[in-house]
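As the structure lists them, so they are numbered: ligands from 1, and atoms in each ligand from 1.
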Amino acid sequence: MRERHIGASCKLFFKSDPLKIVRASKQYMYDEAGNEYLDCINNVCHVGHCHPAVVKAGWEQAQVLNTNSRFLHDNIVLLAQKLSSLFPSKLQVCYFTNSGSEANDLAIRLARIHTKHNDTIVIDHAYHGHTWEVLGLSPYKHKSRDDLPDWCHIVENPDAYRGKYTSDEHADLGTKYADEVAAKIAEIQASGRSVAAFFAESIQSCAGQVFLPEGYLRQVYKHVRAAGGICVADEVQCGFGRVGSPHWWAFQLQGEDIIPDIVTIGKPMGNGHPVAAVITTAEIAESFNKSGVEYFNTYGGNPVSCAVALSVIKVLEDEKLREHAKEVGEYMLEKLKEMSNRHSLIGDVRGIGLFVGIELVKDRVTKEPASAIAQHVIFRMKESRILLSADGPHRNVLKLKPPMCFSKANVDSVFALLNTVLTEVREVKAEHIQSAVHALMGGANGPIRGELRQTESCRINSSKPPAKKLRKI
Ligand code: PMP
């Protein structure tokens with residue numbers, strides 16, 4: 001039925017042996033046979049899958065009223081007021097949407113109207129959403145830079161591990177990468193164009209769990225504003241306290257003085273319910289208003305969505321989940337650093353709070369990405385009912401961004417298994433792993449690009465565990 005009625009471009013996790021998840025609770029998901037999976041990647045069900053308080057808030061409001069936001073209602077203003085209180089005071093006006101893509105799409109519109117400029121600057125490999133306009137802002141989704149619209153300009157990913165400037169070889173990476181933005185602005189202006197906005201996730205997620213170097217945003221924001229542009233922080237993945245206390249937002253990691261002109265939020269905001277928002281300044285909101293075009297979004301800001309989002313924030317506060325994320329995140333990083341001493345496949349570990357990346361490499365000196373191995377690790381972990389994913393331009397960065405209730409005991413289970421799988425990987429030929437993974441991911445049409453696509457052979461029966469079929473050398 002799925003193949004017939006759902007568009008083939010809607011991809012599944014684990015193409016050859018996909019999971020049918022029928023229920024979930026806290027950090028656990030359950031398949032149709034009742035098997036329990038530890039969810040290390042669900043940054044949407046932020047305060048835990050189906051959190052009873054959040055479910056109750058939505059259910060109670062749904063029984064009374066749900067309608068569009070053209071009527072007065074307490075929930076929309078209470079949510080806007082609560083959200084504003086979590087941001088620097090300059091950011092006080094909210095627009096509600098139903099998804100992160102819509103929020104970023106609206107952010108482009110606000111930026112263009114306010115600045116009267118047109119072009120945007122984005123970080124290489126970034127993803128900002130699926131609508132036509134924000135797809136144009138998302139190098140992650142394009143095979144070639146030439147596929148991006150002419151108004152989108154890409155700057156280097158400020159990746160201290162494998163970027164143009166690395167912490168092994170260079171000092172003051174914040175300035176070096178910010179200078180790249182300054183150079184890009186000069187290039188844009190020299191071609192007679194103008195910068196409306198600089199868009200950046202406050203931690204690069206799809207681009208490989210990359211943390212912005214110290215001082216980067218401070219300098220970039222200065223350059224962008226000097227060019228008459230505004231600065232947009234995409235917190236769709238990394239917001240709502242994921243980076244641990246004392247912060248609510250990842251842009252705050254760059255310093256308390258860093259204040260974007262627009263922040264977009266989504267995913268964790270509704271704990272699985274579709275609600276997202278744009279938060280901006282009174283000046284930008286006024287320019288938008290003066291444009292004379294009404295902002296109407298049928299579902300954006302409806303009473304049920306707002307009740308759900310208010311409840312998510314309350315749970316984060318009541319259960320002290322930001323403090324928990326800090327504590328568990330520090331424990332996780334410590335364990336990971338220990339593990340990287342044992343496994344040369346681990347080239348780099350980075351993280352803060354419950355946002356962690358483990359970059360796998362075939363060789364620590366050349367940093368050759370271990371993309372196929374990363375996919376193999378994910379499949380092996382899945383067989384043992386732990387859900388991980390890999391991302392970054394080479395798909396070799398294992399990502400951990402679990403629900404905020406993830407515990408230290410969960411960290412121990414994940415790393416015990418990861419240790420076993422990485423040990424096992426050392427004992428088998430990498431190309432066998434590559435062909436196994438290739439088969440499992442659906443061959444040349446699977447979601448993995450590059451290295452895996454080049455492999456021709458498919459020797460492994462995809463319904464069987466790949467590692468057990470691999471020949472030891
Ligand atoms: N921005 C970022 C950083 C995202 O990760 C995503 C979704 N992966 C989006 C925007 C788009 O959000 P949505 O899927 O809710 O439209």
Side-chain angles (χ1 to χ4, degrees), residues 7 9-13 39 41-46 95-111 120-142 148 152 154 157-159 197-212 217 231-243 249-251 253 260 262-279 297 299-302 305 308-309 312 353-357 387 389-393 395 397 399-403 447:
S9 35
C10 303
K11 303 284 182 207
L12 292 165
F13 277 143
D39 181 0
I41 49 176
N42 204 316
N43 58 348
V44 176
C45 295
H46 194 53
Y95 298 92
F96 292 103
T97 66
N98 310 290
S99 69
S101 303
E102 270 188 59
N104 282 329
D105 199 283
L106 180 59
I108 299 180
R109 193 167 150 202
L110 292 179
T120 58
I121 300 176
V122 286
I123 292 179
D124 205 0
H125 311 299
Y127 178 68
H128 293 291
H130 70 83
T131 67
W132 192 246
E133 203 73 348
V134 285
L135 206 53
L137 264 187
S138 303
Y140 179 77
K141 286 285 178 191
H142 295 271
L148 288 163
C152 179
I154 299 175
N157 188 3
D159 180 346
F198 168 78
F199 266 77
E201 269 194 279
S202 308
I203 308 171
Q204 305 303 298
S205 54
C206 294
Q209 308 289 90
V210 170
F211 287 77
L212 304 178
L217 284 186
C231 303
V232 182
D234 180 335
E235 293 265 342
V236 168
Q237 281 214 31
C238 55
F240 280 95
R242 175 156 295 283
V243 296
W249 314 107
F251 67 79
L253 297 170
I262 295 179
V263 181
T264 56
I265 55 178
K267 288 178 184 277
M269 185 173 174
N271 213 47
H273 178 94
V275 52
V278 170
I279 293 94
N297 187 325
Y299 302 113
N302 72 69
S305 297
V308 166
V312 169
L354 292 175
F355 202 90
V356 170
L387 302 179
S389 67
D391 226 324
R395 303 291 195 275
V397 182
K399 297 207 289 194
L400 285 117
K401 39 178 190 146

Practice prompt. For Gln204 and Asn157, test the side chains for any donor-to-acceptor distance below 3.5 angstrom and give the result as yes or no.
Written response: no
Fill in: Counterpart residues, side-chain hydrogen bond (donor to acceptor under 3.5 Å, both in side chains), relative to Lys267 (two or more places apart)
none
Response to the item:
Sequence neighbours excluded, the answer for ring pair (Phe, Tyr, Trp, His ring centres under 6.0 Å) partners of His128 is Phe199
Fill in: Within the 4.0 Å heavy-atom sphere of ligand 1, strictly under, residues
Ser99, Gly100, Ser101, Asn104, Tyr127, His128, Gly129, His130, Glu201, Asp234, Val236, Gln237, Lys267
Practice prompt. Identify, with sequence neighbours excluded, every residue that meets side chain to side chain contact (heavy atoms under 4.5 Å, CB included) alongside Phe211.
Written response: Ile203, Arg350, Ile352, Phe355
Discussion item. Has Glu235 got a side-chain atom pairing as donor or acceptor with Ile265's backbone, closer than 3.5 angstrom?
Written reply: no
Worksheet item: Can Asp391 and Tyr140 be counted as having a side-chain donor-acceptor contact under 3.5 angstrom?
Response: yes
